[in-house]
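The figures that follow rest on heavy atoms only: side chains count, while hydrogens, waters and symmetry mates do not. What you see is a predicted model, and the numbers here were worked out from it, not measured in a lab.
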Amino acid sequence: MYLGRTTLSKFLIQQLSGIDGANDLGALLVDVAAAVKAISAMTAKGALGDFLGELGSKNVQGETQQKLDVLANEAMLRSCEWGGLVAGMASEELDDPYPIPNEYPRGHYLLVFDPLDGSSNTDVNVSVGTIFSVLRHDRSDPPAAADYLQPGRQQVAAGYAIYGPATMLLITVGKGTHGFTLDREIGNFILTHPNLRIPDDTSEFAINTSNARFWEPPVHRYVTECQAGNSGDRGRDFNMRWIASMVAEVHRILMRGGVFMYPKDRKDRNKPGRLRLLYEANPMSLLVEQAGGRASTGNQRLLEVTPEALHQRVPLILGSCNEVERIERYHAEHACGADRPYSSPLFNERSMFRAEAPL
């Protein structure tokens with residue numbers, strides 16, 4: 001029944017052939033997959049395992065931690081700390097990088113991850129996920145926080161797991177983006193979606209329109225044109241989606257195309273964006289680019305951004321190439337004062353400069 005099916009381990013042996021450090025990188029990704037299986041089991045049990053609800057503590061970003069946030073974080077640390085493959089790890093749930101305990105050997109990779117993206121949705125049984133990124137650390141001494149601050153183009157692997165009707169693991173090692181489905185009967189991830197490709201064009205976008213009053217003009221311009229549909233400048237109708245789980249949003253785009261936007265806004269002027277660069281935006285951007293899509297801050301390629309802090313936030317626009325390029329063009333035109341005037345029921349140019357009441 002299972003003859004000829006490509007398991008994750010077999011796939012990694014094939015993909016990493018000839019790459020320096022292939023055995024260690026492959027073994028690390030298998031350890032990550034083991035953590036994903038454990039997290040998948042916890043999310044599947046939900047209230048039956050007493051895994052749901054808030055823990056009462058907050059992470060470094062000031063976000064209230066869910067029970068599953070902490071349990072998923074522990075699962076990833078325990079799965080990957082012992083094998084001599086990583087020099088250190090960093091997580092959304094930890095203020096500082098996690099040092100490898102002295103009783104374990106250190107390896108030559110850094111693992112950064114969001115253990116449970118979209119965890120606030122667990123109580124309502126919406127798909128959530130785990131996002132991870134692998135960087136090199138070629139020195140023998142323990143990594144400092146600065147060693148994690150590498151631009152996304154230096155990732156050697158990235159991926160995410162999505163815990164939905166099926167548990168899937170999406171991975172890239174720089175040779176395309178590939179999807180695996182967890183076969184619970186045999187406990188293996190099986191290659192089911194090889195060489196995913198995002199179509200260049202799309203008629204679907206995802207953005208949180210409740211923040212419309214805080215958006216910059218280029219984003220208003222793009223969304224307004226999409227809302228106008230076939231009676232507007234674009235000449236075709238668009239559909240909008242918003243799940244409030246980045247993993248679910250990106251997964252949909254990898255499966256059928258689309259654009260995901262979490263742009264810079266004025267809601268909190270101390271935050272240049274909402275998503276964390278190292279363990280959310282970078283790995284997702286690499287996966288999307290490897291599938292033929294595009295990822296941007298609106299002003300530059302996302303993978304070219306040099307991190308300045310472990311939990312740095314950035315704006316992110318990713319998905320079908322032609323639509324992301326259009327949004328980048330709108331940002332460029334606005335920056336040089338060349339964007340054309342337009343109106344919207346949600347926005348007009350004057351409202352951008354109107355005094356706001358304190359929030």
Side-chain angles (χ1 to χ4, degrees), residues 32-80 90-94 111-133 158-171 177 179-182 184 189 192-193 206-208 241-256 258 260-262 274-276 278-285 287-288 311 313 316 318:
V32 169
V36 164
K37 293 176 191 177
I39 299 168
S40 174
M42 289 187 286
T43 59
K45 285 186 177 180
L48 296 176
D50 192 28
F51 294 131
L52 301 185
E54 296 180 355
L55 195 63
S57 57
K58 294 183 181 295
N59 62 19
V60 66
Q61 286 89 10
E63 299 164 338
T64 299
Q65 291 178 309
Q66 306 292 314
K67 291 180 183 178
L68 276 171
D69 283 322
V70 175
L71 292 169
N73 189 69
E74 285 296 310
M76 189 67 76
L77 294 177
R78 299 293 85 81
S79 182
C80 299
S91 164
E92 178 183 2
E93 302 305 325
L94 300 174
L111 178 66
V112 295
F113 58 92
D114 179 351
L116 202 65
D117 174 73
S119 59
S120 62
N121 286 321
T122 53
D123 286 353
V124 292
N125 205 28
V126 171
S127 294
V128 294
T130 298
I131 311 172
F132 65 90
S133 168
Y160 69 81
I162 182 168
Y163 311 114
T167 291
M168 290 190 66
L169 182 64
L170 282 287
I171 282 181
T177 295
F180 300 78
T181 301
L182 179 61
R184 298 184 187 279
F189 278 103
T192 52
H193 295 72
I207 193 168
N208 184 357
R241 298 287 184 267
W242 186 252
I243 305 174
S245 169
M246 186 189 184
V247 162
E249 304 284 4
V250 173
H251 190 71
R252 184 184 62 249
I253 288 170
L254 283 170
M255 293 297 114
R256 70 185 192 199
F260 169 79
M261 292 175 281
Y262 219 136
R274 300 287 167 182
L275 298 173
R276 272 59 61 131
L278 285 176
Y279 44 81
E280 291 177 334
N282 272 343
M284 289 306 203
S285 296
L287 287 162
V288 164
H311 300 288
R313 297 176 187 254
L316 178 61
L318 59 73

How about M246 and L316: do any of their side-chain heavy atoms sit closer than 4.5 Å?
yes
With the side chain counted from C-beta on, respond yes when N121 and S127 share a heavy-atom pair under 4.5 Å apart, and no when they do not.
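They are not in side-chain contact.
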Sorted by chain and residue number, the ring-ring contact (aromatic ring centres under 6.0 Å, His included) partners of F189 (sequence neighbours excluded) come out as none
Can you sort out the partners of Y163 under ring-ring contact (aromatic ring centres under 6.0 Å, His included), two or more places apart, ordered by chain and number?
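With sequence neighbours excluded, Y163 shows a ring-ring contact (aromatic ring centres under 6.0 Å, His included) to no residue whatsoever.
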Which heavy atom in T192 sits nearest to a heavy atom in M168, and how many Å separate them?
OG1-CE, 4.1 Å
For [X], give me all partners under side-chain hydrogen bond (donor to acceptor under 3.5 Å, both in side chains), at least two apart in sequence or on another chain.
X    : answer
N125 : none
D117 : none
S40  : T167, R184
S133 : Q155

Can you tell me how far the [atom1] atom of [X] sits from the [atom2] atom of [Y], to the nearest 0.5 Å?
X    : Y    : atom1 : atom2 : answer
D114 : F132 : CG    : CZ    : 12.5 Å
I131 : N282 : CD1   : CG    : 11.0 Å
T177 : L170 : OG1   : CG    : 7.5 Å
Y262 : N208 : OH    : CG    : 5.5 Å
I162 : L169 : CD1   : CG    : 11.5 Å
T130 : L116 : OG1   : CG    : 5.5 Å

If we count only N and O atoms by modelled type, under 3.5 Å, do the side chains of S91 and N73 hold a donor and an acceptor together?
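Yes, because at least one side-chain N or O of S91 sits under 3.5 Å from a partner of the opposite role on N73.
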What donor-acceptor contacts under 3.5 angstrom involve side-chain atoms of residues 247-255, with partners at least two apart or in another chain?
residue: E249; atom: OE1; partner: R252; partner atom: NH1; Å: 3.1
residue: E249; atom: OE1; partner: R252; partner atom: NH2; Å: 2.7
residue: E249; atom: OE2; partner: I243; partner atom: N; Å: 2.4
residue: E249; atom: OE2; partner: A244; partner atom: N; Å: 3.4
residue: H251; atom: ND1; partner: Y160; partner atom: OH; Å: 2.7
residue: R252; atom: NE; partner: E204; partner atom: OE2; Å: 3.4

Verify side chain to side chain contact (heavy atoms under 4.5 Å, CB included) between V128 and L68, making sure each step is shown before the conclusion.
CA-CA 11 Å; V128 294; L68 276 171; over 6 Å; no
What verdict does the side chain to side chain contact (heavy atoms under 4.5 Å, CB included) test give for E92 and D69, after you've listed the backbone C-alpha separation in whole Å, the side-chain angles of each residue and the deciding distance to 0.1 Å?
CA-CA 9 Å; E92 178 183 2; D69 283 322; over 6 Å; no
Could you tell me whether the side chain of T43 and the main chain of I39 form a donor-acceptor pair under 3.5 Å?
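Confirmed, T43 side chain pairs with I39 backbone.
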